[in-house]
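What follows is a short report on a single structure.
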Protein chains: 2
Amino acid sequence: MGDQDFKNSVEATLKVIGGKWKPMILCHLQEGTKRFGELKREMPEITEKMLTEQLRELEQDGIIHRKAYIQVPPKVEYSLTEYGKTLREVLDVMSRWGSKHRMRRTE
Amino acid sequence: MGDQDFKNSVEATLKVIGGKWKPMILCHLQEGTKRFGELKREMPEITEKMLTEQLRELEQDGIIHRKAYIQVPPKVEYSLTEYGKTLREVLDVMSRWGSKHRMRRTE
DNA sequence: CGGTATCCGCGACGATACTG
DNA sequence: CAGTATCGTCGCGGATACCG
């Protein structure tokens, strides 16, 4: 693989998980299916607008699945797709490196 | 490790390599030591300002080493630190996932 | 050669109000 | 409950000029 491909592929990954809130969202969805309000409650700092936007982008990238129940009151569930679950390895490696890095910076 | 730590660690990694030009810079430095002008030539799209800024940040994070030769004309060499080389695993995993992701999107 | 300094546009992100 | 719509802010990154 050429340097260009290597770099472009890294950037493609960053586009998918690089959003400000996406790692956090993906982390919460590792635990399983969650409703919109559940995610909102677990991430009080995020606005509804940003949560919606980031969820939509993750959905478009095939990472998460959105299941809307047509009922009143509305109910929407978000979960990782099988494809989205393949991101776990990436997140794990990043988490491990980041954890060492943080330790290093505070030594 | 708690969810908070996991998420914070991923974000710590993103802070280090998430900059717009950093994956590209790190990719070029995998090949070995490079001079400022060399990097500039290999990345014609980046401005000198951004190249300088991103190199400084990578240096502050301990990822790269900056060696300035006190002479006229100036000569500055950048290289990965031993610590910076540990990022390779992270970049590799991201590259592999991103490459599959790009294929998937164009199927 | 390898940078700074300065100015500025634009898009990401936020706050708030409203709705099916 | 799960969103839109609208408006406002902020800082990243680009353009250009200058410097040791």
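Throughout, a chain's letter reflects where its sequence line sits, starting with A, and its residues are numbered from 1.
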Heavy atoms from C-beta onward define the side chain here; which of [options] lies closest to that of [X]?
X      : options                  : result
K20(B) : dG13(D), dG3(C), dA2(D)  : dG13(D)
T47(A) : dC13(C), dA15(C), dT4(D) : dA15(C)
W21(A) : dG3(C), dT4(D), dG14(C)  : dG14(C)

Please examine the side chains of M24(B) and Q54(B), heavy atoms only from C-beta on, and report whether any two atoms are closer than 4.5 Å.
->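 No - every pair of side-chain heavy atoms lies 4.5 Å or more apart.
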Going by heavy atoms in the side chains, are L26(A) and L58(A) under 4.5 Å from each other?
-> yes
NA contact type, Y78(A), heavy-atom cut-off 4.0 Å: base, sugar-phosphate, or nothing?
-> sugar-phosphate
Do the charged groups of E38(A) and R41(A) touch, with an N to O distance under 4.0 Å?
-> no
Members of residues 32-43 of chain B that approach DNA chain C, where some heavy atom sits under 4.0 Å away |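 When residues 32-43 of chain B is checked for heavy atoms under 4.0 Å from DNA chain C, the hits, listed by number, are R35(B), F36(B), G37(B).
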Among K20(A), K22(A), R66(A), which one satisfies salt bridge (charged side-chain N to carboxylate O under 4.0 Å, His left out) with E57(A)?
->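 Answer after filtering K20(A), K22(A), R66(A): K22(A).
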Taking [atom1] from [X] and [atom2] from [N], how many angstroms apart are they, rounded to a whole number?
X      : N       : atom1 : atom2 : value
L51(A) : dA15(C) : CG    : C1'   : 16 Å
E57(B) : dC12(D) : CD    : P     : 8 Å
E53(A) : dG3(D)  : CD    : C1'   : 12 Å
K75(A) : dA2(D)  : NZ    : P     : 9 Å
Q54(A) : dA2(D)  : CD    : C1'   : 17 Å

Please name the pair of heavy atoms, one in T13(B) and one in W97(A), separated by the smallest distance, quoted to 0.1 Å.
-> OG1-CE3, 3.7 Å
Check the angle between the aromatic planes of H101(A) and Y83(B) and answer parallel, tilted or perpendicular using the 30° and 60° thresholds.
->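 Rings of H101(A) and Y83(B): parallel, under 30°.
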Tell me which of K49(A) and P73(A) sits closer to the 5' end of DNA chain D, going by the nucleotide each one is nearest to.
->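 First, find each residue's nearest nucleotide; the 5'-ward one identifies P73(A).
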Exceeds 12 heavy-atom contacts within 6.0 angstrom, atom NZ of K15(A) =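 Incorrect, the count does not exceed 12.
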Has R56(B) got a side-chain N or O lying under 4.0 Å from the OP1 or OP2 atom of dG2(C)?
-> no
